[in-house]
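Inspection log for the structure reproduced underneath, given as structure tokens.
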Amino acid sequence: FYKLLMCQLVHRIKPDVRVRFSLINRSAHVPLAKLIDEAALREQLDHIRTLRLSRGESTFLRGNTFYGKRMMFRPEFLEWFENLQLPPYELVRRGDQYELSFEGTWPEVMLWEVPALAIIMEMRSRAVLERNMGKLELQVLYARAMTQLWQKIERLKPVEDLRIADFGTRRRHSFLWQDWCVQAMIESLGGRMAGTSNCLIALRREVEAIGTNAHELPMVYAALADD
């Protein structure tokens, strides 16, 4: 959600600024290029470029109330967003790592960050589990993970004035696991679950879509500044 809010600002004020965004694996000891098949990764990235908002998703953004405000997103921005195709990507293998970069106008390129990171994370998770665990072992793993999460939520319940939110999309284990975690917090914590930055999960689970802005804005503005 915070990406959409930032993107609307950039689309209105700095639509023609050209930028380059690169995904860097800061955990160099994790050999992403060994774990993730390049052809499979390209297939996922190509698929992202075919995606468009569904009618229900567009209606959600156009008509919902966010932070107590209706029409948070301007019609001209949503019209642009509904017809957007993300710009091409550059994927190069360097040893055991991938170099993944995107170049183009700022409003377009900035929207690559979340799906690109989420794809890398989920494909890496799948590769590690599928290589090392059988079907029954995976079932036990997720059963234990659910139990551990529920125990953590139970420990949070007594906390006074608790407000907790999910901002896990970019680094999630998987979409299904993130969705399950959000559902578990909603069921156990009720209104103290403040919401999620994942717009699709917010739409499906009827919780608040939340998030404001990130360090990307001051970083790019600093690069554009004359002094």
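All figures in this text were calculated on a predicted structure; none of them were measured in a lab. Values below: every heavy atom of this structure, side chains too, minus hydrogens, waters and symmetry copies.
- Here the shortest heavy-atom pairing between Val109 and Gly104 reads CG2-N, 3.2 Å.
- Considering only residues two or more places apart in sequence or on other chains, Arg49 meets the side-chain hydrogen bond (donor to acceptor under 3.5 Å, both in side chains) condition with none of them.
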Exercise for review: Decide yes or no on ring pair (Phe, Tyr, Trp, His ring centres under 6.0 Å) for Phe66 and Phe60, but give the supporting numbers first.
Suggested key: CA-CA 10 Å; Phe66 302 106; Phe60 172 74; 5.5 Å; yes
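- Between Glu90 and Arg20 there is a salt bridge, with a side-chain nitrogen of the basic residue lying less than 4.0 Å from a carboxylate oxygen of the acidic one.
- One finds the CD1 atom of Ile120 at 4.5 Å from the CG atom of Leu41 (value rounded to the nearest 0.5 Å).
- Of the inter-residue distances, the one linking Glu137 atom CD with Gln139 atom CD reads 11.0 Å to the nearest 0.5 angstrom.
- Applying the side-chain hydrogen bond (donor to acceptor under 3.5 Å, both in side chains) rule to Arg94 yields the partners Glu99; only residues at least two apart in sequence or on another chain are considered.
- Listed by chain and number, the residues in a side-chain hydrogen bond (donor to acceptor under 3.5 Å, both in side chains) with Glu216 are Lys3, Trp106 (sequence neighbours excluded).
- Between Leu203 and Glu206 there is no side-chain heavy-atom pair separated by less than 4.5 Å.
- Aromatic pair Phe1/Phe167: ring centres not closer than 6.0 Å.
- Contact annotation: the side chain of Arg52 approaches that of Gln85 to within less than 4.5 Å [non-hydrogen atoms, C-beta and beyond].
- Counting only residues at least two apart or on different chains, the ring pair (Phe, Tyr, Trp, His ring centres under 6.0 Å) pairs with a member in residues 82-104 are Phe21-Phe102, Phe102-Trp112.
- The aromatic rings of His173 and Trp177 stand perpendicular to each other, their planes meeting at an angle above 60°, with 30° marking the opposite boundary.
- Within the model, atoms CE of Met121 and CG of Leu32 stand 9.0 Å from one another, a figure rounded to the nearest 0.5 Å.
- Separation of atoms CG (Leu217) and CG (Leu9) is listed at 6.0 Å; rounding is to 0.5 Å.
- The SG atom of Cys7 lies 4.0 Å from the CG atom of Leu111; values are rounded to the nearest 0.5 Å.
- With values rounded to the nearest 0.5 angstrom, Arg126 atom CZ is found 12.0 Å from Leu138 atom CG.
- For Ser174, there are no side-chain hydrogen bond (donor to acceptor under 3.5 Å, both in side chains) partners, not counting sequence neighbours.
- Heavy-atom minimum distance, Glu108 versus Pro87: CB-CD, 3.8 Å.
- Residue pairs satisfying the salt bridge (charged side-chain N to carboxylate O under 4.0 Å, His left out) criterion with at least one member in residues 168-192, sequence neighbours excluded, are listed as follows: Glu113-Arg170, Asp179-Arg205.
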